[in-house]
Amino acid sequence: MRACKELGIPEIMCEIKTYKDEDSIIKDLLETNIRQRGDIGGSAKKVGRRIMELERLYGIKNGGSEFYGNRHTENIDLTINSEALKTQEQLAQELGMSVDTLQNYKMLADMIPELEELMDTGIVTKSTALSMIKTNSYITNRIYGVLENFYGYRISLF
């Protein structure tokens, strides 16, 4: 506003939106940020959290939407705008990734902080972190033990 005053611009164009609920606000913010950036952006864990939130907002459950597809349910949440319902495949396509990649990001959203730190510092790659998450707990504990010995700090699963 100050810049417009300094430049002598008497009117400022703005768009005023009214939202019916908090979910509509979050959905609009997420979609706007993704459009402006050109990608979903951020760390793997943040990308996974954004994807999970978009799935919740679009009514995606187990790959399909609550409204149609082979995952149809009788109890459709009437607060969700039926036009906004999507499938996981549609969401992945909009985000420019495969369904497998989308599901991998969702797994990374739930990784423990120690594994996230190892990934953020480049010690562990995304694919290694995914393997550790998917592997049974005995093997994962052994891997953590090796990393603890090598890097010198405690890593716990919980």
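For clarity, every value in this text was computed on a predicted model and none was experimentally measured.
- Distance check, rounded to the nearest 0.5 Å: CD of E114 to CG of L118 gives 8.5 Å.
- Side-chain contact between M97 and I51 is present, with at least one heavy-atom pair separated by less than 4.5 Å.
- Taking CG of L30 as the reference point, atom CD1 of I25 lies at 12.0 Å (rounded to 0.5 Å).
- Looking only at side-chain heavy atoms (C-beta outward), L102 and E55 come within less than 4.5 Å of each other.
- Rounded to the nearest 0.5 angstrom, Q93 CD and T87 OG1 are separated by 8.5 Å.
- M132 approaches V124 most closely through the heavy-atom pair SD-CG1, 4.5 Å.
- From S43, atom OG reaches atom CZ of R49 across 8.0 Å, with rounding to the nearest 0.5 Å.
- From K45, atom NZ reaches atom CE of M111 across 6.0 Å, with rounding to the nearest 0.5 Å.
- Y19 and I26 fall into different hydrophobic clusters, defined by Ile, Leu, Val, Met, Phe, Trp and Tyr side-chain heavy atoms under 4.5 Å apart, directly or through other members.
- Residues in residues 2-16 take part in these salt bridge (charged side-chain N to carboxylate O under 4.0 Å, His left out) pairs, two or more places apart or across chains: E15-K17.
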Practice prompt. For salt bridge (charged side-chain N to carboxylate O under 4.0 Å, His left out), just list the numbers for D23 and R56, CA-CA rounded to whole Å, side-chain angles, deciding distance to a tenth of an Å, and then say yes or no.
Written response: CA-CA 9 Å; D23 282 351; R56 184 187 70 78; 2.7 Å; yes

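- Atom CG of residue L108 and atom CG of residue L115 lie 8.0 Å apart, to the nearest 0.5 angstrom.
- For the pair K106 and Q88, the minimum side-chain heavy-atom distance is below 4.5 Å.
- With hydrophobic clusters built from ILVMFWY side chains whose heavy atoms lie under 4.5 angstrom apart, M52 does not share a cluster with L95.
- No chain of hydrophobic side-chain contacts below 4.5 Å, direct or via other Ile, Leu, Val, Met, Phe, Trp or Tyr residues, connects L57 to V99.
- Taking the side chain as every heavy atom from C-beta outward, D21 and S24 approach each other to under 4.5 Å.
- No hydrogens or angles considered: nothing links the side chains of T101 and N104 as a donor-acceptor pair under 3.5 Å.
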